[in-house]
Every structure is written in C-alpha cells, then in structure tokens.
Amino acid sequence: AGKKKRRGIQMFDAYLIKDGSFQNYEENGEVAGFKVDVHIGEYRGCFLSLVRGYYVEVDGVEYPLEAQKFEINNKAPRTFDEIAKAAWEHWDYDDYATLYVACPGGLAKGKHRLGLMQGLMTQYGWQAHDQEWIDNTPLPREMAGKQQEVYYFDVEI
C-alpha cells in the first residue's frame, strides 16, 4: 500500500489493504468494477455480522454500500445485508477478505487515490447506541470505532 496522509497514527492503518491487490475485475467477460484485498482493523478478528460495509472513495468519487460485495472464508461474494446474517462466521485477524465495488468499465490503468473506512460494530459489550445501530445501521463512515478516520492509499491498477 502506498503512503497515506497521516493526521494520527493507528496501529493497523498500514495493513488495511494488501499490497498489489487493487485491480479491476470481470463478470461475464466484461469489466464490472474494481476490487482490493482488505485486512480487518481489529486485532482479535470479529464475527462477520459486525462488519457493516465500507466507506469507499477513489479519486474523490464515493461508492455506496449498494455497490459493494464482500468475499471471505472461501464463499462467493456477498452483500453486506447477507453478511449481517453471518453471526457465527468469523473473520480471523490473519485472513484477508476481498472487497468488490461495482463500477461498470472499471477504473483506468494507472495511479489512483483510495480512501477506505471499515464500518465495524463494537464487540466489547453492549454500548448505549448498539440497539439503534442494529435497528438503523449507520453508514460505515459514521461508525467510528477502531478506525476513527478515512485512511488514504496511493494504489495502481
């Protein structure tokens, strides 16, 4: 991963994406979007139902949750609505997952600026906001927990 602008140092920001994994992907013979291998920013890993999506920005363009799918544990890519039901499936700290983002035609070859923020619900006991987050899950960028800000990476396709 490329260097990011640092406002504060977090212990896992440098490891949030896998070097060299940012690329376009195809579906049915056509470029359908881009993907990147991501690492969990939680040192214990977590149950998948706590992973509520990502804030994704490339070159200043934001990509919504509806454009995202998530591949982990040797299962086909799933939406985050499907992932929310995976209460007993775990994302281990050592494992990378693949985040797919629909973007018809993909991204141009060359350098890009990728911004990511994981939307993770807390797993350290019940918090005052937890029921509200279950009933009305906030967008990933509004779920500041372990990751307090969007991390930016210089990447290349």
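No hydrogens, no waters, no symmetry mates; every other heavy atom, side chains included, goes into these values. Predicted, not measured: the structure shown is a model, and the values here were computed from it.
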Do [X] and [Y] have side chains that approach each other closer than 4.5 Å (heavy atoms only, starting at C-beta)?
X     : Y     : result
Phe80 : Val51 : yes
Tyr54 : Leu99 : yes
Val38 : Leu16 : no

Taking all heavy atoms of [X] and all of [Y], pick out the closest pair and write down the distance.
X      : Y     : answer
Trp91  : Ala97 : CZ2-CB, 3.9 Å
Arg52  : Ala84 : NH2-CB, 3.6 Å
Tyr152 : Glu57 : OH-OE1, 3.0 Å
Ile40  : Cys46 : CD1-SG, 3.4 Å
Gly53  : Leu65 : CA-CD2, 3.4 Å
His39  : Tyr93 : NE2-O, 2.5 Å

Whether the Tyr55 and Gln118 side chains hold a donor-acceptor pair (N or O, under 3.5 Å, no angle test) is what I'd like checked. no
Got a second to check how far [X]'s [atom1] is from [Y]'s [atom2], nearest 0.5 Å?
X      : Y      : atom1 : atom2 : result
Thr98  : Lys35  : OG1   : NZ    : 6.0 Å
Phe153 : His112 : CZ    : NE2   : 16.0 Å
His90  : Phe47  : NE2   : CZ    : 5.0 Å
Asp37  : Ile17  : CG    : CD1   : 9.5 Å
Ser49  : Ile83  : OG    : CD1   : 9.5 Å
Leu116 : Tyr151 : CG    : OH    : 11.0 Å

Hey, does the side chain of Glu156 reach the backbone of Lys109 with a donor-acceptor pair shorter than 3.5 angstrom? no
Keeping to residues at least two apart or across chains, list the salt bridge (charged side-chain N to carboxylate O under 4.0 Å, His left out) pairs with something in residues 85-104. Lys75-Glu89, Arg78-Glu89
Using side chain to side chain contact (heavy atoms under 4.5 Å, CB included) as the criterion, list what pairs up with Val61, not counting sequence neighbours. Tyr63
Taking only Lys NZ, Arg NE, NH1 and NH2, and the carboxylate oxygens of Asp or Glu, determine whether Arg113 and Asp154 approach each other closer than 4.0 Å. yes
Would Gln68 and Thr79 count as a side-chain contact (heavy atoms from CB on, under 4.5 Å) here? Give the steps. CA-CA 7 Å; Gln68 301 173 29; Thr79 67; over 6 Å; no
Hey, would you say the Tyr100 and Phe70 ring centroids sit under 6.0 Å apart? no
Before we go on, tell me: are the rings of Phe22 and Phe34 under 6.0 Å apart, centre to centre? yes
Intermediate values then yes/no, side-chain contact (heavy atoms from CB on, under 4.5 Å), Val58 and Leu107: CA-CA 9 Å; Val58 178; Leu107 298 171; 3.8 Å; yes
I'd like to know whether Leu48 forms a side-chain contact (heavy atoms from CB on, under 4.5 Å) with Asn73, so could you lay out the CA-CA distance, the side-chain angles of the two residues, the decisive distance to 0.1 Å, and finally the verdict. CA-CA 10 Å; Leu48 281 186; Asn73 298 333; 4.1 Å; yes
Would you check, one step at a time, whether the test side-chain contact (heavy atoms from CB on, under 4.5 Å) holds for Leu50 with Leu120? CA-CA 6 Å; Leu50 300 176; Leu120 296 177; 5.5 Å; no
